[in-house]
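All remarks here apply to the structure that follows.
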There are 2 protein chains.
Amino acid sequence: MKGSGVQPRYRAVKEFISDKIRSRDYPEGARIPTEQQLTEMFAVSRMTVNRALRELVAEGLLLRRQGVGTFVSSVRAESPLLEIRNIADEIRDRHHVYSNRLECLESARADERIAARLGVAIGAEVWHSLLVHLENGIPVQLEDRYVRRDIVADYGAQDFSRQTPNQYLSTLFPLSELEHIVEAILPEERIRRLLDMDRHDPCLLVTRRTWSGQQLVSCAYLYHPGSRYRLCSRIGTTD
Amino acid sequence: MKGSGVQPRYRAVKEFISDKIRSRDYPEGARIPTEQQLTEMFAVSRMTVNRALRELVAEGLLLRRQGVGTFVSSVRAESPLLEIRNIADEIRDRHHVYSNRLECLESARADERIAARLGVAIGAEVWHSLLVHLENGIPVQLEDRYVRRDIVADYGAQDFSRQTPNQYLSTLFPLSELEHIVEAILPEERIRRLLDMDRHDPCLLVTRRTWSGQQLVSCAYLYHPGSRYRLCSRIGTTD
DNA sequence: GTCTTATAATTGTATATACAATGCTAGACA
DNA sequence: TGTCTAGCATTGTATATACAATTATAAGAC
């Protein structure tokens, strides 16, 4: 990357536009300056402006009509299917006993997979924690979490028996964005043993990434024994 | 006119690459041709190739490392978890071929499980359909659906090769409420065979119930091969 | 007044070119 | 042998330019 100081010019244009949208300077449906005008405002070429605008369209912030102009798109409808729920609270809501077991808390170097998921360079130092969550003493979730060290410096000094990583992070940052990937896998030996699972037992893997502002903060792999856990959601359209 | 026949060249490059990935010509992790090589293969400029590759990175199909090369990242079918999305459209959006195979379409008597899930009396007549959805001829979903016969009288007369049950039902009723339960299971023999799955392959089971107004309309068991499918959702608060 | 047509504005795509940044590798050197 | 360095391949960004496609608008024809 360019280090921390410099950033590409197309990115400057993107940030200018998306800031204006967030601050409602460019309200929903409003027309934003033409490529030509932005070209002059930023003293960059039209292709650079074009790239910035195309990416903002891809991100759903803008809407373009050939021959007409570029407009702020309306906010996408969103329903919290998988709300970010604290597993400790969830278990206590069932009047069961929550506990956890910290397997690992360390600073590690991001391999290719983590680097890609966490938006850091390969080899960058990141926090890594491995935590087993238990319901009445029975493992129901293995939380394999990676946290950006440049954003959460104190992660390694926390006591997770008092406060889950999730709880800690959400006190630090307002959550702005959330991504979930859900899949069924056959867990490898190490994971199976930590969750006290039988051979051939399937496993529900939820990969969760959380953002605060523009910043990707953390990526967690949440393994649930298939026979002991399921996700549930109900969406009402309030029609 | 550009109309429907022609397509931009960067898109041709994109489809070439993504087809190769889907067909495993470019397997996971493999290195794909350099921009220079693609420039020659397609007789287009490097910027055009660059745009195609950048968009494929944004779509999660590729992974690039400056100074090194471009690689196939792990690809799997993805589906937005929260919205109720038509699997046929979803597949066609990936430029893949959608088809389905109707295994069963009948009127049946609700057993205890179905009666409870569908809110009818045990022994009541309900529609039952069993449909395999295929992506490029490979099964990606087994849809085991039960529909209330007192609400949807014509369900049994539909041609599901033209319109999926989901499509049909959503034209009839405005969807007002939606429930999802997601779990990882080991499918039984019958399901495994219909989905062409190996023994011990885990399976993602989504149980979906849909309401229109106050009425529970339908309950579907959606089985997905764990190795070929995953759910994905992203929630942005855009603020 | 209404329809048609030309024109201008704006976005969409494509190219050739240039230089910067990154990471790997082979060879120089101690 | 081990370490450093220069060079090369590859991707990342930026520009000027060109023409195509789409849409709105204004001018003109009737």
Side-chain angles (χ1 to χ4, degrees), chain A residues 1-17 26 29-73 109-113 115-116 119-124, chain B residues 1-17 21 26 29-73:
Chain A
M1 206 175 4
K2 296 276 173 67
S4 34
V6 195
Q7 73 167 347
R9 304 204 211 183
Y10 78 90
R11 192 174 297 278
V13 177
K14 280 183 71 174
E15 286 188 9
F16 172 82
I17 304 287
Y26 295 159
R31 181 174 185 173
I32 72 165
T34 66
E35 293 191 348
Q36 179 57 37
Q37 289 168 330
L38 289 167
T39 290
E40 288 160 14
M41 287 166 63
F42 286 87
V44 296
S45 78
R46 198 192 132 212
M47 285 307 295
T48 300
V49 169
N50 183 266
R51 172 172 180 180
L53 297 185
R54 262 194 293 114
E55 293 194 1
L56 287 172
V57 168
E59 291 168 21
L61 285 182
L62 292 180
L63 199 143
R64 314 195 77 189
R65 285 175 55 202
Q66 187 167 352
V68 185
T70 305
F71 305 86
V72 179
S73 79
R109 295 196 169 274
D111 62 16
E112 194 163 334
R113 180 188 68 141
V120 298
I122 294 175
Chain B
M1 198 210 294
K2 200 163 222 179
S4 39
V6 196
Q7 72 168 349
R9 305 205 211 183
Y10 78 89
R11 192 174 296 278
V13 177
K14 280 182 70 174
E15 287 191 8
F16 172 82
I17 304 287
I21 291 174
Y26 295 159
R31 182 174 184 173
I32 72 164
T34 65
E35 293 191 348
Q36 179 57 37
Q37 289 168 331
L38 288 167
T39 289
E40 288 160 15
M41 286 166 65
F42 286 88
V44 297
S45 78
R46 197 190 136 215
M47 286 306 297
T48 299
V49 170
N50 183 266
R51 172 172 180 180
L53 296 185
R54 263 195 292 113
E55 293 194 1
L56 287 172
V57 168
E59 293 167 21
L61 285 181
L62 293 179
L63 199 143
R64 316 195 77 189
R65 289 171 56 196
Q66 188 167 349
V68 185
T70 306
F71 304 86
V72 178
S73 73

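Please read these numbers as outputs of a predicted model, since none were measured by experiment. Chain letters run A, B, ... following the sequence lines, proteins first, then strands; residues in each count from 1.
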Legend entry - B:Met47 CE - C:dT15 C1' separation (whole Å): 9 Å
Legend entry - Pair A:Leu53-A:Ile32, side chain to side chain contact (heavy atoms under 4.5 Å, CB included): steps then yes or no: CA-CA 10 Å; A:Leu53 297 185; A:Ile32 72 165; 4.0 Å; yes
Legend entry - Reference residue B:Val72; test side chain to side chain contact (heavy atoms under 4.5 Å, CB included); the match among B:Ile21, B:Leu61, B:Ile17: B:Ile21
Legend entry - Distance in angstrom units between A:Leu38 CG and D:dA14 C1', rounded: 16 Å
Inset, instruction - Of all the heavy-atom pairs spanning A:Val44 and A:Arg9, show the shortest one and how long it is. - result: CG1-CD, 3.6 Å
Legend entry - Protein-nucleotide distance (B:Lys14, atom NZ; C:dT13, atom P), rounded to Å: 10 Å
Legend entry - Side-chain N,O (A:Ser45) to OP1/OP2 (D:dT17) below 4.0 Å: no
Inset, instruction - For A:Met41, check side-chain contact (heavy atoms from CB on, under 4.5 Å) against everything at least two apart and list the hits. - result: A:Phe16, A:Pro33, A:Leu38
Inset, instruction - Find the distance A:Arg11:CZ to C:dA21:C1' and express it as a whole number of Å. - result: 15 Å
Inset, instruction - Please report, rounded to the nearest Å, how far the C1' atom of C:dT15 is from the CZ atom of B:Phe42. - result: 17 Å
Report all interatomic pairs (protein N or O, nucleotide N or O of nucleotides 10-12 of chain C) with separations under 3.5 Å.
from	atom 1	to	atom 2	distance (Å)
C:dT10	O2	A:Gly67	N	3.2
C:dT11	OP1	A:Thr70	OG1	3.1
C:dT11	OP2	A:Glu35	N	3.0
C:dT11	O2	A:Gln66	NE2	3.4
C:dG12	OP2	A:Arg64	NH1	2.6
C:dG12	N7	A:Arg46	NH2	2.6
C:dG12	O6	A:Arg46	NH1	3.0

Legend entry - Rounded distance (Å) that lies between atom C1' of D:dT22 and atom CG of A:Leu63: 15 Å
Inset, instruction - Return the value, rounded to whole Å, for the distance between atom CZ of B:Arg9 and atom P of D:dA21. - result: 13 Å
Inset, instruction - Test B:Glu15 against B:Arg11 for salt bridge (charged side-chain N to carboxylate O under 4.0 Å, His left out), laying out the working first. - result: CA-CA 6 Å; B:Glu15 287 191 8; B:Arg11 192 174 296 278; 5.6 Å; no
Inset, instruction - Grab the two heavy atoms, one from A:Ala110 and one from A:Ala115, that are nearest each other, plus how far apart they are. - result: CB-N, 4.0 Å
